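Okay, so here's the structure we're looking at.
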Amino acid sequence: MFKRTRLHKILILMTVFLVIGFTFAGIGCVDKEGTTSKEGIIVKGSDTVLPLSQAEAEEFMLKHADKSITVIGGGSGVGIAAMIDGEVEIAMASRSMKDSEIEKAKQNGIDPLETTIGWDGIAVVVNPENPVNQLTFTQLKAIYDGNISNWKDVGGDDRKITVISRDSSSGTYEYFKEEILVGSEYRQDALVQPATGAIVQEIAQNRGAIGYIGYAYVDNSVKALALDGGEGVFVPATQEKILSGEYPLARQLFYYTNGEPQGLTKEFIDYVMSAEGQSIVSEVGYFPVVQ
Amino acid sequence: MKKGLYREKAIESLLYLSGVTAVVILFLICIFLFKDGIALFQKYPLIEFLTGTRWYPTSQPHQFGLLPLLFGSMIVTFGAIVLSVPLGIAVAIYISELAGAKEADVLKPLIEILAGIPSVVYGFFGLVVLVPLLQNMLDLPTGQNALAGSIMLGIMALPTIISISEDAISSVPRAIKEGSLALGSTEWQTIYKVTVPAALSGISAAAMLGIGRAIGETMTVMMVTGNTAVIPGFPDGLFAPVRTMTATIALEMGEVPQGSEHFYALFAIGSILFITTFITNIIAEYIKRKYRFNLGAGQ
């Protein structure tokens with residue numbers, strides 16, 4: 001009896017080791033297949049563009065089983081740096097390359113070429129019960145840097161403003177800081193949410209809250225404000241206004257390549273720019289490039 | 001006979017090896033954590049890290065002030081302990097002293113289930129149910145505050161506190177309790193004058209382990225405390241948003257460039273966190289050992 005239970009234990013142990021062993025063997029096989037027998041490129045960069053590139057790459061690989069496209073996030077800056085170093089074929093970016101980056105690329109013998117693959121709009125949202133419908137960039141800056149803390153100062157109720165921001169790893173955080181805060185810091189007492197869904201959730205139930213989210217996330221539980229970027233006209237956040245470029249918080253999404261794309265890189269970018277690829281852009285929640 | 005001896009030896013060394021592996025892993029984690037944490041101070045002064053009051057990791061120049069995060073962790077943990085320790089002890093007393101055997105058999109496993117709920121589920125519950133409730137009931141600018149974190153962490157620390165204090169209380173020797181009853185004290189007098197003091201060190205260890213659990217918890221606090229890096233006031237800071245050390249690491253690790261100052265700053269926070277929980281555990285272990293000694297003396 002004693003011997004038998006001991007045997008059982010050994011059997012169980014062996015099974016566990018075998019399972020672990022097979023798992024690693026499996027991982028090894030997959031890895032090999034991915035790197036050697038397939039033609040492949042790497043796309044790296046902005047986390048804003050990441051879900052779009054992933055969706056595009058999945059569809060593309062369904063059509064071309066022998067080709068592999070690896071999509072990696074990390075941020076616009078990270079992607080551009082990798083392209084400058086020649087590590088990746090395509091850099092994804094939610095901003096244009098800085099002059100310093102272009103210079104560095106030229107030094108490395110890389111000639112960056114910009115392709116606009118879609119548009120993204122950032123909506124400034126409040127609770128639907130908030131009477132405020134529009135803000136100027138100056139007011140928005142004052143709210144986010146701490147100079148205005150009550151809704152009555154921007155034409156609303158006498159209520160404390162709960163300012164909501166994304167965490168600092170979000171590309172939208174940087175974009176908003178550049179466009180709205182222009183050199184100032186986010187106020188220290190702003191709520192920081194780890195995800196856009198959490199911002200929507202808080203604003204939907206907090207009458208004093210204000211936040212910024214990708215246009216794709218706007219639903220009935222929040223109200224998007226009309227913004228005035230300094231032209232003296234309030235532009236509502238609608239698809240039409242974002243696509244026409246009138247809405248001040250809209251940005252282009254880019255792919256950067258070294259010179260004219262060739263081979264698989266060209267094939268992939270052509271697919272993204274095709275009618276089918278551009279319909280994926282809308283599915284993911286961004287706006288297709290007007291052609 | 002000899003074959004059996006070899007087998008015995010083999011199994012013994014296998015077990016020894018497993019034990020050594022655990023210790024080696026611990027040391028490796030320590031080394032890498034501290035190595036990357038200390039790397040920060042080649043570029044950023046240690047004093048500024050420890051006494052800075054502003055956490056702006058991505059602005060120019062960087063500001064890595066630990067204080068708001070440290071105090072954030074402390075106030076949330078403090079609130080959690082204030083809520084969960086009295087409640088936990090009360091439940092432990094009820095289970096071990098007053099409840100019938102059948103009742104205790106049902107209650108104990110139910111409490112253990114609390115410990116098995118994933119923290120993200122607690123966080124989701126907190127965000128959707130507790131946060132709006134707090135905001136409306138207390139008429140606060142936002143329900144995402146230290147109090148919400150404290151309540152959630154308190155609930156999460158309850159199973160630890162209850163089961164360890166329950167162990168401590170039920171291992172108080174019967175003779176002591178019966179002696180007290182025989183001298184004419186009521187059941188309640190026996191509980192708070194004899195049983196609880198006799199089990200006090202075990203209960204303190206339970207509280208310390210509860211603190212350890214609360215200070216290291218990440219997902220739940222990140223979802224309900226608002227993550228505002230300001231030094232909280234006391235006690236009004238309980239009703240304002242705060243950011244803990246754990247939440248900062250989780251929030252910012254995602255996109256921080258490897259090898260940057262910000263990256264090392266997060267490791268430095270991790271080191272501080274590690275040291276804090278390490279000390280808490282040592283204190284808990286020390287108290288626990290003392291309590292074993294007490295028990296021996298009692299018998």
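By convention in this document, chain letters (A, B, ...) are assigned in the order of the sequence lines, proteins followed by strands, and residues within each chain are numbered from 1. Here the structure is a predicted model, which is why all the values come from computation and not from measurement.
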Checklist line | Counterpart residues, ring-ring contact (aromatic ring centres under 6.0 Å, His included), relative to F267(B) (two or more places apart) | finding: F263(B)

Next item on the list: Could you tell me whether F124(B) atom CZ has more than 12 heavy atoms of other residues or ligands within 6.0 Å of it?
Entry: no

Checklist line | Contact origin within R54(B) toward chain A - heavy atom pairs under 4.5 Å | finding: both

Item checked: Pairs of heavy atoms under 4.5 Å with chain B: top-ranked of E185(A), E174(A), Q201(A), Q193(A) -> E185(A)

Got a list of side-chain donor-acceptor pairs under 3.5 Å for residues 81-94 of chain A, not counting sequence neighbours?
unit_1 : atom_1 : unit_2 : atom_2 : d
E89(A) : OE1    : I42(A) : N      : 3.0
S94(A) : OG     : S76(A) : OG     : 3.3

Notebook entry, point to check: With respect to chain B, which residue among S165(A), G77(A), A190(A), G208(A) yields the maximal number of heavy-atom pairs within a distance under 4.5 Å?
Noted result: A190(A)

Notebook entry, point to check: Out of curiosity, L140(B) CG to N206(A) CG, how far, rounded to the nearest 0.5 Å?
Noted result: 10.0 Å

Check: In residues 216-232 of chain B, which residues are in contact with chain A at a heavy-atom separation under 4.5 Å?
Finding: M222(B), G226(B), N227(B), T228(B), A229(B), V230(B)

Notebook entry, point to check: For the candidates R207(A), K160(A), Q205(A), which exhibits the highest count of non-hydrogen atom pairs separated by less than 4.5 Å from chain B?
Noted result: Q205(A)

Notebook entry, point to check: Is the number of heavy atoms from other residues, nucleotides or ligands within 6.0 Å of NZ (K223(A)) greater than 12?
Noted result: yes

Checklist line | Residue pair D167(A) / L251(B): nearest heavy atoms and the distance that separates them | finding: OD2-O, 3.3 Å

Notebook entry, point to check: Would the number of heavy atoms belonging to other residues, nucleotides or ligands and lying under 6.0 Å from CZ of F34(B) be above 12?
Noted result: yes

Next item on the list: Would you indicate whether E112(B), at its atom CD, is surrounded by more than 12 heavy atoms from other residues, nucleotides or ligands within a distance under 6.0 Å?
Entry: yes

Checklist line | More than 12 heavy atoms from other groups under 6.0 Å of CG on D236(B) | finding: yes

Notebook entry, point to check: Can you tell me if Q188(A) uses its side chain to pair, donor with acceptor, with the backbone of T53(B) under 3.5 Å?
Noted result: yes

Margin query: For R187(A), which atoms come within 4.5 Å of any heavy atom of chain B: side chain, backbone, both, or neither?
Written below: backbone

Notebook entry, point to check: Is chain A contacted by the side chain of P141(B), its backbone, both, or neither, given a heavy-atom distance below 4.5 Å?
Noted result: both

Item checked: T142(B) OG1 to I161(A) CD1 distance, which is reported to the nearest 0.5 Å -> 14.0 Å

Check: Looking only at atom types and distance, does a side-chain atom of Y186(A) sit under 3.5 Å from a main-chain N or O of Y56(B), one as donor and one as acceptor?
Finding: no

Check: CD1 of I164(A) to CD of Q144(B): how many Å apart, nearest 0.5 Å?
Finding: 6.5 Å

Next item on the list: Tell me the residues of residues 127-138 of chain B whose non-hydrogen atoms fall below 4.5 Å from those of chain A, in number order.
Entry: L127(B), V128(B), V131(B), P132(B), Q135(B)

